[in-house]
Protein chains: 2
Amino acid sequence: MDIELNQVAADQQRVAIFKALAEPNRLRIIRVLYHEHREMTCSEVGAQLQISKSTVSYHFKALRLVGLTNTRQVAQTKYLSLQLATFDRYLPGFLATL
Amino acid sequence: MDIELNQVAADQQRVAIFKALAEPNRLRIIRVLYHEHREMTCSEVGAQLQISKSTVSYHFKALRLVGLTNTRQVAQTKYLSLQLATFDRYLPGFLATL
DNA sequence: CTACTAGTTCGATGGCTATCGAATCAAGAG
DNA sequence: CTCTTGATTCGATAGCCATCGAACTAGTAG
């Protein structure tokens with residue numbers, strides 16, 4: 001197991017996570033999920049942030065791909081929630097600053 | 001003092017910080033500054049990361065503008081170091097994960 | 001079956017940004 | 001003064017990305 005290769009891989013993950021959080025709407029989604037600590041659907045987020053549902057779907061995918069959120073599907077509705085393990089690993093203490 | 005306006009301002013700062021960190025070369029600069037906990041010059045960084053000095057200067061400026069680093073000038077040489085207060089405020093615990 | 005609801009995907013577009021070399025500047029060295 | 005060194009700025013370029021509407025899928029209600 002090469003330590004330097006792990007370093008590179010971890011860095012790629014860090015960069016991906018920072019990119020995901022470097023967008024106002026995604027950051028607002030994270031805050032709502034954290035503060036109201038509940039799940040949200042695409043429709044709810046779209047209504048609250050005043051952006052189209054296709055854009056919301058795009059942001060949901062971006063957050064999920066880097067492991068910051070996970071999705072629970074009930075019928076045709078998908079509920080988004082925070083993946084706390086990822087925050088603990090890469091950004092410990094960050095959520096509490098929101 | 002309007003709480004919501006503070007929220008918006010803090011979010012803009014957060015997004016700016018995440019953008020600054022969402023770039024592989026800048027992240028490497030941060031790690032070197034942290035792990036070897038010393039100051040570095042543009043020339044040193046350019047030699048170590050194999051990028052042109054104009055690009056290094058560009059990254060230094062990006063990091064400084066969002067308050068992640070500060071600069072100490074000695075003659076015509078500028079030394080970069082971490083602004084730990086900013087990390088503590090917006091990303092407590094992050095540096096220790098590097 | 002039809003209509004509605006929740007999401008995804010696609011194509012296009014406008015804007016941002018990382019990168020470089022060249023030009024410039026300031027400060028010492030000789 | 002001239003040359004070198006460390007750094008900034010500028011202009012250009014290429015690539016990425018947030019946004020939207022439209023088209024599509026799938027599940028549910030009437």
Side-chain angles (χ1 to χ4, degrees), chain A residues 8 11-33 38-83, chain B residues 8 11-33 38-83:
Chain A
V8 170
D11 257 26
Q12 289 176 345
Q13 182 67 7
R14 272 186 264 262
V15 168
I17 287 175
F18 284 133
K19 276 187 186 173
L21 293 173
E23 209 283 327
N25 285 324
R26 289 198 286 262
L27 195 56
R28 284 197 281 169
I29 292 171
I30 296 294
R31 176 186 299 106
V32 171
L33 289 175
R38 63 182 181 89
E39 302 171 310
M40 292 195 82
T41 66
C42 272
S43 302
E44 289 172 341
V45 171
Q48 182 161 345
L49 303 192
Q50 297 275 50
I51 48 184
S52 76
K53 62 177 184 173
S54 57
T55 302
V56 174
S57 179
Y58 170 75
H59 287 318
F60 271 34
K61 192 175 184 179
L63 290 170
R64 182 167 36 81
L65 280 180
V66 298
L68 289 176
T69 59
N70 42 22
T71 305
R72 183 174 65 96
Q73 180 158 5
V74 176
Q76 72 273 37
T77 304
K78 295 183 175 178
Y79 295 93
L80 203 75
S81 60
L82 295 182
Q83 181 87 45
Chain B
V8 169
D11 257 26
Q12 288 176 345
Q13 182 66 7
R14 271 186 264 263
V15 167
I17 286 175
F18 284 133
K19 276 186 185 173
L21 293 174
E23 208 283 326
N25 286 324
R26 288 196 287 261
L27 194 56
R28 285 198 281 169
I29 293 172
I30 296 293
R31 176 187 299 106
V32 171
L33 289 175
R38 63 182 179 91
E39 303 171 310
M40 290 195 82
T41 66
C42 271
S43 303
E44 289 173 340
V45 171
Q48 182 161 345
L49 303 191
Q50 297 276 48
I51 48 184
S52 77
K53 63 178 183 173
S54 58
T55 303
V56 174
S57 180
Y58 170 74
H59 288 318
F60 271 34
K61 191 175 184 178
L63 290 171
R64 182 168 35 83
L65 280 179
V66 299
L68 289 177
T69 59
N70 44 22
T71 304
R72 183 174 66 93
Q73 181 158 3
V74 176
Q76 72 273 38
T77 304
K78 293 185 177 178
Y79 295 93
L80 202 76
S81 61
L82 294 182
Q83 181 87 45

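Note on naming: letters A, B, ... go to the chains in the order of the sequence lines (proteins, then strands), and numbering restarts at 1 for each one. Since the structure is predicted, the reported quantities are computational estimates derived from the model, not experimental observations.
Among pairs with a residue in residues 66-82 of chain A, those fulfilling salt bridge (charged side-chain N to carboxylate O under 4.0 Å, His left out) read A/E39-A/R72, at least two apart in sequence or across chains. Within the structure, every pair that satisfies the salt bridge (charged side-chain N to carboxylate O under 4.0 Å, His left out) test and touches residues 41-57 of chain A, not counting sequence neighbours, is listed here: A/R38-A/E44.
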- Note on the structure: With sugar-phosphate taken as primed atoms, P, OP1 and OP2 and all else as base, the protein-contact string of nucleotides 19-30 of chain D at under 4.0 Å (heavy atoms; B, S, -) is BBBB----SS--
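Between A/L21 and B/V15, the shortest heavy-atom contact is O-CG2, 4.5 Å. Residue A/V66 comes nearest to A/I17 through the heavy atom pair O-CG1, 4.1 Å, listed as atom of the first residue, atom of the second, then distance. Across all their heavy atoms, B/L68 and B/A20 have their closest contact at CD1-CB, 4.2 Å. A pairwise comparison of heavy atoms in B/V45 and B/F60 identifies CG2-CZ, 3.7 Å as the closest pair. Pairing each heavy atom of B/S81 with each of B/N70, the nearest pair is OG-OD1, 2.7 Å.
Under the rule for a ring-ring contact (aromatic ring centres under 6.0 Å, His included), the partners of A/F18 that lie at least two apart in sequence or sit in another chain are B/F18, B/F94.
To the nearest angstrom, P of D/dC17 lies 13 Å from NZ of A/K61. Protein atom CZ of B/F60 is 8 Å distant from nucleotide atom P of D/dT8, rounded to whole Å.
Checking side-chain atoms of A/Q48 against main-chain N and O of A/Q50 turns up no donor-acceptor pair under 3.5 Å.
Of all nucleotides in DNA chain C having an atom under 4.0 Å from a heavy atom of chain A, the first and last in 5' to 3' order are C/dA6 to C/dT9.
Within residues 13-22 of chain A, no residue is approached by DNA chain C to less than 4.0 Å at the level of any non-hydrogen atom.
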- Message: Show, in sequence, the C-alpha distance, side-chain angles and deciding distance for A/T41 and A/S43, and conclude whether the side-chain hydrogen bond (donor to acceptor under 3.5 Å, both in side chains) test is met.
- Response: CA-CA 5 Å; A/T41 66; A/S43 302; 4.6 Å; no
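Across all strands shown, B/S43 has heavy atoms under 4.0 Å from sugar-phosphate atoms exclusively, and none from any base.
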